[in-house]
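One structure is given below, encoded as structure tokens.
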Amino acid sequence: MFSTPGDSRTWLVGLPCRSDGSRIVWLYYVVGEAPDSAEALCAAVRLANSARERDARGQVPVELDRAEVQRIRQHILGDYVLEAC
């Protein structure tokens with residue numbers, strides 16, 4: 001049983017990028033108020049592509065073809081769970 005509704009609008013989006021050309025590093029963004037997983041992904045990509053984020057990772061691009069999007073829900077007892085989308 002969950003205390004957050006099934007249509008929770010909070011998402012965890014993982015975007016991979018390659019550091020030093022080979023090692024995969026995952027960047028995770030919590031996106032609130034997105035109506036669906038597609039909008040959550042778009043919001044996370046906008047954040048990842050901001051000048052500040054790109055500068056922080058040395059202009060390395062994120063790999064959108066391997067993105068992961070999960071809905072964040074809270075169990076009635078307070079635990080948080082991730083639902084794959």
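Treat the numbers as computed from the prediction; the structure is a model and nothing was measured. Nothing fancy with the numbering, it's 1 onward along the sequence.
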For this session: Flag yes if Leu15 and Trp26 sit in one hydrophobic cluster, no otherwise; membership is Ile, Leu, Val, Met, Phe, Trp, Tyr, and two members link when side-chain heavy atoms are under 4.5 Å apart.
Result: no
Seminar exercise, completed: In terms of heavy-atom contacts, Trp11 and Cys85 come closest through CZ3-SG, 3.2 Å
Problem set entry | Sub-4.5 Å side-chain heavy-atom contact between Val25 and Arg57 | no
For this session: Please identify each residue that fulfils side chain to side chain donor-acceptor pair (under 3.5 Å) with Glu33, with sequence neighbours left out.
Result: Arg9
Exercise. Short question: side chain of Arg71, backbone of Ser8 - any donor-acceptor pair under 3.5 Å?
Worked result: yes
For this session: Using salt bridge (charged side-chain N to carboxylate O under 4.0 Å, His left out) as the criterion, list what pairs up with Glu39, not counting sequence neighbours.
Result: none
For this session: Provide the closest heavy-atom pair for Ala40 versus Val13 in the form atom of the first, atom of the second, distance.
Result: O-CG2, 3.8 Å
Problem set entry | Test side-chain contact (heavy atoms from CB on, under 4.5 Å) applied to Leu82 - qualifying residues, sequence neighbours left out | Leu12, Gln70, Ile72
Seminar exercise, completed: Taken in chain and number order and not counting sequence neighbours, the residues that satisfy side-chain contact (heavy atoms from CB on, under 4.5 Å) with Cys42 are Arg46
Would you be so kind as to tabulate the donor-acceptor pairs closer than 3.5 Å made by side chains of residues 58-66, with sequence neighbours excluded?
unit_1, atom_1, unit_2, atom_2, d
Gln59, OE1, Arg54, NE, 3.2
Gln59, NE2, Asp55, OD1, 2.5
Glu63, OE2, Arg18, NE, 3.0

Exercise. Is there side-chain contact between Leu41 and Val31, with heavy atoms separated by less than 4.5 Å?
Worked result: no
Exercise. Is Val30 linked to Tyr80 within one hydrophobic cluster, defined over Ile, Leu, Val, Met, Phe, Trp and Tyr using a side-chain heavy-atom separation of less than 4.5 Å?
Worked result: yes
